[in-house]
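In what follows, a single structure is set out as structure tokens and then discussed.
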There are 2 protein chains.
Amino acid sequence: MNNTPPQSKCLNCPTRENTEWNTLSEDELDLIDQFKRVSDREPGEIIYHQGDQSEGVYCIQSGLVGIRQLDADGKETLLRLCNPGETVGYRALLGNSEHTHFAEILAPSHICFIERKIVTDLLAKNPVIGERFLVRSLKELTEAEDNLVRSRSLKVRTRLLHCLMVLFDQYGSGDELSGYMLKIPISRKDLASLIAVTPESISRAISHLEEDNLVRFEGRNVHFSNIEAIFDEIGAVH
Amino acid sequence: MNNTPPQSKCLNCPTRENTEWNTLSEDELDLIDQFKRVSDREPGEIIYHQGDQSEGVYCIQSGLVGIRQLDADGKETLLRLCNPGETVGYRALLGNSEHTHFAEILAPSHICFIERKIVTDLLAKNPVIGERFLVRSLKELTEAEDNLVRSRSLKVRTRLLHCLMVLFDQYGSGDELSGYMLKIPISRKDLASLIAVTPESISRAISHLEEDNLVRFEGRNVHFSNIEAIFDEIGAVH
DNA sequence: CCACGGCATTGATAGTGATCAATTTGCGCA
DNA sequence: TGCGCAAATTGATCACTATCAATGCCGTGG
């Protein structure tokens, strides 16, 4: 973890428009600029640990962060990927609880830390922020429940296809002419954890999908050979 | 569904202390009293449907409500039980979305409907309400994620024991001397749905637990013969 | 009092994914 | 370039739970 002294201003942050903070005034942004701590983080580093008290929130300027949860047996589950613009660690702060999960850097990232007091001050002055985080948590709740229902009713194959389409929304490229493709930002093991299966099952599911000519995998690169058939199979409206 | 004209006042509602509304002033409660619609609902009735737009929120004065979600194939999952004092349907209202699930009466209940406009007016005047619902949704989010992690890592037997202990917290009775017991407020089918298995698997799990002398079932009544062993098995601190 | 229908249980079987074990691939680094 | 380790794949087997089918139980209404 390196601190990079020439901190850029929030006002000019390329992700600001997408964040919960996009309703702040310039004065309020200046306040954050003044006290935030920007750091340069490498894969494997932990931003906060499960069970820790909240010291503040972390805004992802660039990179990729994974939210993991440890169960009673010490096994961990990857619950969610967080992208630039997302603020992580807000739940323990706003809910006045310990962190119920931990956050790990998955790709080289710039992370801005905003300490607890700044956040609570801003919340007190500007209730819109609280409202934004409320909406955010409602969205996460819906996603978590959909996830639960999917992992109850769908087989590995379908869950994997669904997961690939979700990743495609975020990280995909290409078009109808040149073909659609996707560079998966995580390992097979994490991909497996994300849909609650073992890495072996993922490997087999991939093999079967390739046999059926739906996709072609080359390491972390995926080519969608027949994206229509995929949408059909997961029952999505294209 | 019967309207029961002599509506009691929110101020005197026995559940008020436990609700998100317990910070309202008397004036604000009067406003709700003036416009709320109380109704008498029977098991099987649906309070709101999945996909519907939100028309307001529903406060459970007495009874029991189940939150269910339909998946793409039309199969339904029981996600949560809601007890007196809980306000249901708030997510679609606050998140400005359709209902992502539906709510069904599971035991004869008194339900107070508070229409959308009243709620948004109160929210605008009293930001504490929003904060309360934020905390509520954060709590539900943690529960949903724990649920997800549990159904990934635990077998049916352990999930059932865990579920019984959760139900015991809410509906249990007895003490060390007279023994602990529980009247399960839902059918086997719903119990199965709650922990994401088939009713057959629940039946078998119950048989095995009885063979091991951990519990004794008599219909919906459960006697805990060895509650220590149960805590041991689910790894909880007693 | 019996017939019916829904709920619950029990039994037999099969499918899915986990587990264990053995390679193979890929990549950083000397 | 080749070594060494971790990640990924493949194979064989097993355990768990879903599924299908039959029976038992019980409350309701004719």
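Residue numbers start from 1 in every chain, and the chains themselves are labelled A, B, ... in the order their sequence lines are given, proteins ahead of strands. Small disclaimer: the values here were computed from a predicted structure and weren't measured.
Atom CD1 in B:Ile206 sits roughly 13 Å away from atom C1' in C:dT10 (whole-Å rounding). Rounded to a whole Å, the CZ atom of B:Arg220 is 11 Å from the P atom of C:dT9. Residue B:Glu210 contributes atom CD, which lies 15 Å from atom P of C:dA8 at whole-angstrom precision. Look at CG on A:Asp190: it is 12 Å from C1' on D:dA7, rounded to the nearest Å. The distance from atom CD of B:Glu200 to atom C1' of C:dT13 is 13 Å, rounded to the nearest whole Å. In this structure, B:Phe217 places its CZ atom 18 Å from P of C:dC7, rounding to the nearest Å. Between B:Leu154 atom CG and C:dG17 atom C1' the separation is 17 Å, expressed in whole Å. As a whole-Å value, the separation of B:Leu191 CG from C:dC7 P is 15 Å.
Listed pair B:Ser203 / C:dT9 meets the phosphate criterion, a side-chain N or O lying under 4.0 Å from OP1 or OP2. Proximity of B:Thr198 to the phosphate of D:dA18: a side-chain N or O atom is located under 4.0 Å from OP1 or OP2. At the phosphate of C:dT9, neither OP1 nor OP2 sits under 4.0 Å from any side-chain N or O atom of B:Arg204. Taking side-chain N and O atoms only, B:Ser201 has no distance below 4.0 Å to OP1 or OP2 of D:dC16.
The side-chain heavy atoms of A:Ile111 and A:Gln61, taken from C-beta on, include no pair separated by under 4.5 Å. A 4.5 Å side-chain heavy-atom check between A:Ile195 and A:Ser151 finds every atom pair outside the cut-off.
When A:Val156, A:Ile234, A:Val166 are each tested for a side chain to side chain contact (heavy atoms under 4.5 Å, CB included) with A:Leu161, only one passes: A:Ile234.
Ring geometry for B:Phe113 versus B:Tyr58: interplanar angle of 30 to 60°, hence tilted.
For B:Arg188, counting side-chain heavy atoms from C-beta on, the closest listed nucleotide (C:dT16, C:dT9, D:dT9) is C:dT9.
Checking A:Lys155 against A:Ser187, the closest nucleotide of DNA chain D that is more toward the 5' end is the one next to A:Ser187.
A:Arg157 contributes no side-chain N or O that forms a donor-acceptor pair with the base of C:dG17 under 3.5 Å.
A:His99 has its ring centre less than 6.0 Å from the ring centre of A:Tyr48.
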